[in-house]
Each structure stands twice: as C-alpha cells, then as structure tokens.
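A short worksheet on the structure shown next.
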Amino acid sequence: MKKYSIIALLVTLVASLSSCNDDFMQRDPIDDMADGTFFTKEADLQLYLDGIYRYYVYGHGVSGTNNTSHDKGFLAVKAGSQIIFGDAFSDNTVYAGNIDAKLGGTYDTPNTASKNFDAPWQWEKLRKVNYFLNHYAEVGDPETLKKYAAQAYFFKAWDYYIKLVALGEVPWLDKELDTSSPELYGSRMPRTELVTNILKCFDFAIENLEDNDNSCGYINKDMALFLKARFCLFEGTFRKYHTELNLQSTANELLGMSRDAAWTIIEKNRYSLFKHPTAKDSYWQLFVQKGSPETEGNNETILSRVYDGVKLGHDNPRYWGMNNHTRYCMGAPVTMLEDYLCEDGRPIYIGGVEGSYEVNPLFKGYDGMWEELDNRDPRLTQTVCRPGEYASIFDADDNTYSLEESGIIYPMITYDTGGGSPMKKYNSTVTGYRFIKHWMPDYAEWEANPKGVQTAHMFRYGELLLIYAEARAELGEITNDDLEITVNALRERAGFDFAKYPNAKLTLTNIPADPRLDAIYAKYLDYSVTPIIREIRRERRVETMMEGMRYEDLMRWKAGKLFTVPVRGMKMTQEKIELYSKNRNDEVYKDYPYKVTVPIGEVGNKVIVDDDGFIIPYPTSTTVIKGVRPWDDKRYYYPIPLNEMLMNPLLTQNPGWKDINR
C-alpha cells in the first residue's frame with residue numbers, strides 16, 4: 001500500500017472519477033458553476049468540489065507569488081507561500097523593510113471587508129461549500145453520495161476553524177446566500193455553539209471519507225482526523241489559557257478529542273518520519289522535495305500539494321532563492337535562536353539568573369564568527385545557514401554548490417525592500433542569520449518561475465506527534481513512552497546523537513533547567529508553565545519553524561506578550577565588522593560579503609546595533625523601540641469591518657477595536 005497522501009490540483013478534466021492516472025492528478029479547478037443547473041449526475045459532484053480544493057489546499061500557491069490563496073493569508077506580511085512567509089507575522093522572524101502595521105501596532109479597524117479569498121471576513125468560499133451541501137442530494141440517493149458531502153463538510157470545518165482563529169465568534173451559515181437572504185443579518189454565534197457545529201462537520205467527514213492511502217488525490221479520513229486534532233488542540237488550549245472566556249472547565253474535553261484523533265492516526269502505523277537514505281540532514285531534505293512524497297520515499301506527509309511544472313507550478317523557489325535579496329528576505333532573531341537546545345539536550349544557559357547565567361560548556365557564545373550555531377540542536381543549522389554550508393556555498397552565477405568551488409558567500413545584511421540587486425546578492429538577511437529551510441540549491445528551479453515543482457507539505461506526521469504530545473501533557477497524562485515516540489523520535493530524525501549524549505532524550509525525570517526561558521515566561525505570561533509543557537512548546541517551535549504555525553500558537557497560549565520580548569539580530573563582533581568592511585571586488589568576490597562598510601552603530605549604512613553590539617531590527621520604526629514590538633490584547637482577535645456592522649446591526653465588534661457609533 002502506498003503510504004503517502006497528496007492533493008495535486010488540477011488541469012484537465014476527465015470523464016470518469018474511477019481513474020487515478022497522471023492527468024487526473026493534475027486537473028485544473030473548475031470554478032463558478034452555474035447555480036441550480038450544474039448537478040445533473042453523480043460525476044458532476046466531484047467536478048464541482050474540484051473547484052473548491054484550491055481555496056483550502058493552498059500549498060505554495062499557484063503560478064505568480066501574488067496569486068497565492070491560502071487559509072491564513074490575513075497574517076502574511078507579504079504575498080507568497082503561506083507555509084514559508086506565514087512566520088513573518090510572528091516572533092520567529094524579522095522581515096525586511098518597515099514593520100507591518102499589524103505587528104507594529106498601527107493597524108486599525110478597516111472600513112470594508114477585503115475581497116481576497118484569504119481574508120478573515122470573507123464568505124464566498126463558504127458560499128460555494130454551502131451551495132454544494134444544499135444541492136448534492138438532488139442527483140441520487142443521499143446515503144451513497146455521502147463521500148462527496150464529506151469532502152464539503154471537511155472544507156466547511158476548515159473554513160470556520162480559520163474564522164474562529166481570526167475573529168472568534170461569527171455567524172453560522174448553512175445556506176448559500178444572496179442579497180435578500182435574512183441570514184445576512186444574523187448575529188454572531190456563541191463560541192461554544194460554533195465549536196459544536198464545527199465538530200459536527202469534522203465528525204461527518206471522518207465517518208464518511210475513505211480510509212485509504214489517498215493515491216487518487218482526494219481528502220481522506222486521515223486528513224480529517226489530522227485537522228480535527230489540530231483544531232481541538234487550538235480550542236482546548238485557547239479555553240484553558242484565555243480564562244476571560246470562563247470556559248476552562250470545558251478545555252479538557254477538547255484536548256481529549258485532540259489526543260484521540262491524533263492517536264487514531266498514529267496507531268494505524270501508516271506514517272513515519274522521513275529519513276533520507278544517505279544524507280545526514282533529513283529535516284532539511286524534507287522541505288526541498290519535488291513531486292509526490294512517494295517518489296521521495298516520504299511516508300511523513302499526510303496532506304501535500306504537488307506540482308508537475310507544466311500544467312501547474314509556482315514561483316516559490318525563485319522568491320525564496322534568487323529573489324531573497326531584499327524584497328522577500330527575512331532573518332532569524334537571536335531570541336528565536338536561543339530556544340534551540342545544545343546537542344546534549346540542555347539549553348545554552350543551564351543555571352543562574354539573568355546577568356549571571358551559567359553557560360552550557362557546549363555553547364560558544366556570540367563573540368566569534370557565527371560560532372553560536374555550533375554544537376546545537378541539528379535542526380538549527382538545517383533552518384538557519386551557517387557560513388560554509390547551504391546558501392553560503394551556492395554560486396548562482398556559476399551554478400556551483402560546494403565550499404571548494406564557491407567559497408563562502410556571506411549574507412548581505414540589509415533592511416531594504418527594493419528590488420534590482422545583482423543576482424550575487426541573493427543570499428541576504430535582515431539579522432545576519434539567513435533562513436535556509438525550504439531553500440533549494442537549484443538554479444534551474446529558480447528559473448522555472450512560475451512553474452516550480454517544490455512540494456508543499458501541509459499536514460505532516462511530525463506535527464501530529466507534537467499535537468499528541470501537547471494534548472497529553474496539557475491533560476496531565478503524558479508518559480515517557482509518549483515522549484519516546486514523539487519528542488525523542490523527532491530529535492533522533494533531526495540528528496541528535498543519543499549514544500554520545502544519552503541525556504539529550506527528554507524524559508519526565510530528565511527535564512533540563514532553563515533559567516532564561518523560565519524568566520521570559522514568568523515575565524510575559526499571566527500564568528505558570530510546567531517544565532514539561534515548556535519543553536513541548538520549545539519542541540513545537542523548533543520543529544515547525546518557518547511553517548506558518550507560530551502565530552496561531554501564540555494566540556491559543558495567550559502568549560501575545562512574547563511579541564514584546566526584545567528582538568535583535570546577530571552580534572557585530574570586531575571580526576565581523578572587519579569582514580563586512582572589506583571592499584568587494586566584482587571579479588573576485590568569493591569569501592567576501594556583499595555589503596561593505598558597516599561600522600558599528602552607524603545608521604547610514606542601513607545596519608544599527610545596540611550597546612552590546614547586536615543588530616537592532618526596524619531601527620527607524622516609531623513603534624518598535626530597541627527591538628521591542630508593541631502588543632495589545634485586542635490583537636487576540638481581528639476586527640470586523642465597520643461597513644459590515646453598519647449593514648447588520650446585530651453584529652458586535654471585537655473588544656478594543658474601533659466600533660461604529662450607534
């Protein structure tokens with residue numbers, strides 16, 4: 001049996017739904033069917049659903065970057081793959097240019113709702129789903145057609161999940177509406193009722209979807225179980241930590257549902273963590289795959305979007321590779337790097353208090369040349385580029401990829417967002433730390449724009465293991481056996497050497513002290529966190545870095561104040577200053593950076609540092625002072641556009657946001 005799951009959307013229609021050939025796997029979405037006239041036979045049902053898939057199974061988008069449609073696009077600072085660029089709206093990254101209004105605290109209630117399909121107050125996708133659910137039974141016996149309705153209910157649950165994350169309570173719609181529909185003027189459904197309805201959609205989908213390996217490319221039972229597990233973890237932890245809702249007593253029921261949905265998948269033994277047969281960097285290798293997971297020997301992916309590069313493609317490789325010089329560059333902040341453990345399973349600081357921490361002997365500190373990346377969790381240098389590896393040894397001009405041939409091309413440091421930089425400057429960052437997760441050393445793939453074929457992994461087994469571990473920990477029932485099949489399995493795949501460092505395995509009796517992270521939690525959270533939950537949250541941040549999940553995690557944990565932890569970039573040591581002050585020779589550029597003369601503390605060269613020599617992000621921002629981004633608790637929800645409330649007097653605004661005068 002094939003042990004992968006893939007949705008590949010869609011370019012030519014087929015007459016029969018029984019075939020699973022390549023043409024079928026690359027069909028183009030059918031959209032905007034004529035209401036009331038389309039459903040005449042059973043085959044019409046799947047054709048209509050095909051037109052809905054692209055709005056939810058978004059992957060890396062389709063064709064041009066600005067045409068991306070995805071489920072959490074309301075978070076993205078720039079257009080592009082939501083999987084990659086979603087983390088731009090979190091404390092995981094620093095984005096080039098001025099800080100986004102949503103992060104900088106200047107965003108206010110919009111007057112009108114966005115027409116983009118990925119906006120939170122957007123109902124056109126749901127209208128298409130509801131139309132199907134209201135009419136699919138017209139072509140035959142409803143009992144035999146449930147497999148089609150199950151796909152629609154899966155999308156309906158997903159749509160309302162998105163709306164719940166963004167807006168909280170929203171109206172519940174069961175009909176496709178027109179301008180005269182009274183439902184347009186309904187009130188927001190209470191959260192408990194809304195969640196109950198979402199769960200009913202999930203349960204219908206799970207009961208009626210195929211329990212298969214998805215070789216035909218449609219939503220299956222495992223995908224619905226996965227999304228239910230993710231949703232119930234969100235809602236369970238949201239209720240637990242957002243005590244203002246007074247729903248804490250109901251949190252465990254949701255957490256139990258998350259645990260059970262995740263375990264149902266785990267015990268099937270259908271999926272496993274991807275391990276490259278020869279390379280040591282399996283974690284990095286996973287995110288640069290092309291084509292179907294099966295062809296890569298990948299049993300980890302539960303839901304992906306694949307591209308054939310002829311009928312269907314995207315331009316993510318170009319914008320994350322070649323064009324990652326100014327417009328699309330991000331950088332990793334030091335505060336994110338510090339969450340990564342050392343290779344012995346202990347953090348960089350193992351004792352003491354702020355100002356006098358006891359340093360882990362494996363941690364080399366910030367005074368060298370990127371040596372702070374040495375001896376760390378192997379996922380760190382498979383996510384952030386250490387000079388001498390990955391992007392720093394890929395010469396796009398010569399198309400060479402090795403230290404011997406290319407030398408070291410140090411990252412350009414810039415806040416700029418304008419285009420037009422020479423191609424040699426593709427290796428750029430805001431903070432001095434260049435992300436290389438998802439980065440492909442493949443010039444042909446860059447030039448294939450907009451027909452790139454890099455696979456988009458949307459649901460993967462690695463995340464499912466973390467969902468299960470967190471749900472068990474939040475319920476107070478996690479065991480060492482749980483940790484062995486979840487956290488420790490992920491660490492083993494990443495490259496931890498348990499033979500050399502046995503204590504790198506996490507157990508309930510071997511939870512490392514972390515005075516730095518504990519101090520942050522104590523200062524910025526309104527509740528205490530047990531050591532085991534702290535470690536599972538760390539593991540989740542590290543494992544899912546640059547997959548667009550961090551913002552939702554901060555919201556459900558009621559941890560928005562972590563945005564105000566001072567963020568800063570690399571330390572500009574004297575050795576680095578000398579390196580970055582060398583004049584670049586256009587003919588002989590190897591072993592030299594591309595940004596010249598960056599004297600410490602000088603703004604004119606677009607890099608400014610603090611009193612300790614660390615790069616300050618957003619130095620010209622009026623809302624980000626010394627790396628401290630503002631936060632307001634109203635941002636746990638997005639606002640409802642003002643015009644929507646003018647048209648519907650029953651709507652109420654989310655707390656703290658600008659309202660209409662009534």
Side-chain angles (χ1 to χ4, degrees), residues 55-56 58 66-79 82 85-86 88-89 98-131 155-156 158-191 193-195 197-198 238 242 245 551-552 554-555 560 563 623 630-662:
Y55 301 124
Y56 299 95
Y58 49 85
N66 292 323
N67 294 326
T68 297
S69 181
H70 43 68
D71 71 339
K72 296 174 188 171
F74 61 92
L75 304 181
V77 177
K78 299 286 186 181
Q82 176 61 20
F85 287 94
F89 199 81
N98 296 326
I99 192 167
D100 180 79
K102 299 181 185 71
L103 281 174
T106 59
Y107 177 77
D108 205 350
T109 308
N111 289 322
T112 59
S114 170
K115 295 182 179 180
N116 294 333
F117 266 46
D118 49 17
W121 192 271
Q122 211 288 340
W123 300 88
E124 184 60 25
K125 291 184 296 184
L126 185 62
R127 182 183 185 277
K128 295 175 185 294
V129 173
N130 281 337
Y131 173 81
F155 293 134
K156 185 165 185 174
W158 201 345
D159 199 293
Y160 270 106
Y161 177 9
I162 297 162
K163 286 176 167 55
L164 185 71
V165 172
L167 297 163
E169 297 174 350
V170 293
W172 181 266
L173 303 179
D174 281 321
K175 299 178 180 179
E176 73 279 11
L177 306 182
D178 56 37
T179 56
S180 62
S181 299
E183 291 85 356
L184 286 173
Y185 307 99
S187 60
R188 303 169 72 174
M189 177 172 279
R191 190 179 189 103
E193 294 179 40
L194 185 65
V195 169
N197 283 347
I198 294 171
F238 198 97
H242 285 264
L245 298 178
Y551 177 86
E552 184 176 315
L554 295 179
M555 297 302 101
F563 276 113
T623 60
W631 172 258
D632 189 309
D633 280 354
K634 72 179 184 180
R635 286 167 53 189
Y636 283 117
Y637 305 98
Y638 272 77
I640 295 176
L642 296 176
N643 284 353
E644 298 297 320
M645 293 187 292
L646 283 171
M647 291 185 291
N648 181 1
L650 293 182
L651 287 179
T652 56
Q653 184 59 280
N654 278 323
W657 291 100
K658 181 181 178 181
D659 207 340
I660 60 174
N661 295 320
R662 287 181 172 149

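Closest of all the heavy-atom pairs between H242 and M555 is NE2-O, 2.8 Å. The two residues M647 and P649 make their nearest non-hydrogen contact at O-CD, 3.6 Å. Residues Y638 and K102 come closest through the heavy atom pair OH-CD, 3.3 Å. Residues V129 and K156 approach most closely at CG1-CB, 3.9 Å, considering heavy atoms. Summarising the geometry of T652 relative to M645, their closest heavy-atom pair is C-SD, 3.9 Å, with the distance given to 0.1 Å. Taking every heavy atom of both residues into account, P641 and T109 meet most closely at CA-CG2, 4.4 Å.
For W631 and Y636, the ring centers sit closer than 6.0 Å to each other.
Applying the side-chain contact (heavy atoms from CB on, under 4.5 Å) test to D632 and every residue at least two apart in sequence or in another chain returns K634. With sequence neighbours left out, the side-chain contact (heavy atoms from CB on, under 4.5 Å) criterion links T623 to I99, T106, S621, P630. Partners of W123 under the ring-ring contact (aromatic ring centres under 6.0 Å, His included) rule, at least two apart in sequence or in another chain, are W121. Legend: residues meeting salt bridge (Lys or Arg N to Asp or Glu O under 4.0 Å) with R635, ordered by chain and number and at least two apart, are absent. Not a single ring-ring contact (aromatic ring centres under 6.0 Å, His included) links Y637 to another residue, sequence neighbours left out.
No donor-acceptor distance shorter than 3.5 angstrom exists from the side chain of N654 to the backbone of G168, with no hydrogens or angles considered.
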Practice prompt. Given side-chain contact (heavy atoms from CB on, under 4.5 Å), test E644 with I660 step by step and report yes or no.
Written response: CA-CA 10 Å; E644 298 297 320; I660 60 174; over 6 Å; no

Discussion item. If you apply the rule side-chain contact (heavy atoms from CB on, under 4.5 Å), what do you find for Y55 with W158, and how did you get there?
Written reply: CA-CA 11 Å; Y55 301 124; W158 201 345; over 6 Å; no

Worksheet item: Passes side-chain contact (heavy atoms from CB on, under 4.5 Å), L650 versus Y185? Steps please.
Response: CA-CA 7 Å; L650 293 182; Y185 307 99; 5.6 Å; no

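One distance of note links CG of N111 with CG of N643; it measures 6.0 Å at 0.5 Å rounding. With rounding to the nearest 0.5 angstrom, the CG atom of N130 is 10.5 Å from the NZ atom of K175. Atom OH of residue Y131 and atom CG of residue L126 lie 15.5 Å apart, to the nearest 0.5 angstrom. Residue Q122 holds its CD atom at 6.5 Å from CD of E124, rounded to the nearest 0.5 Å. A distance of 10.5 Å separates CG in L646 from CG in L651, rounded to the nearest 0.5 Å.
Put simply, the side chain of Y160 reaches to within 4.5 Å of the side chain of L194, judged on heavy atoms. Within the 4.5 Å cutoff, side-chain heavy atoms of V195 are placed close to those of L164. Side-chain contact between P110 and P639: present, with at least one pair of heavy atoms (C-beta onward) separated by less than 4.5 Å. Contact of the V170 side chain with the M189 side chain is not registered, since no non-hydrogen atoms from C-beta on lie closer than 4.5 Å.
Applying the salt bridge (charged side-chain N to carboxylate O under 4.0 Å, His left out) test to every pair with at least one member in residues 160-172, sequence neighbours left out, gives these pairs: D159-K163.
For the pair K125 and Y56, the cation-pi test (distance below 6.0 Å, angle within 45°) is passed.
With no hydrogens or angles considered, no side-chain donor-acceptor pair links D659 and W657 at under 3.5 Å.
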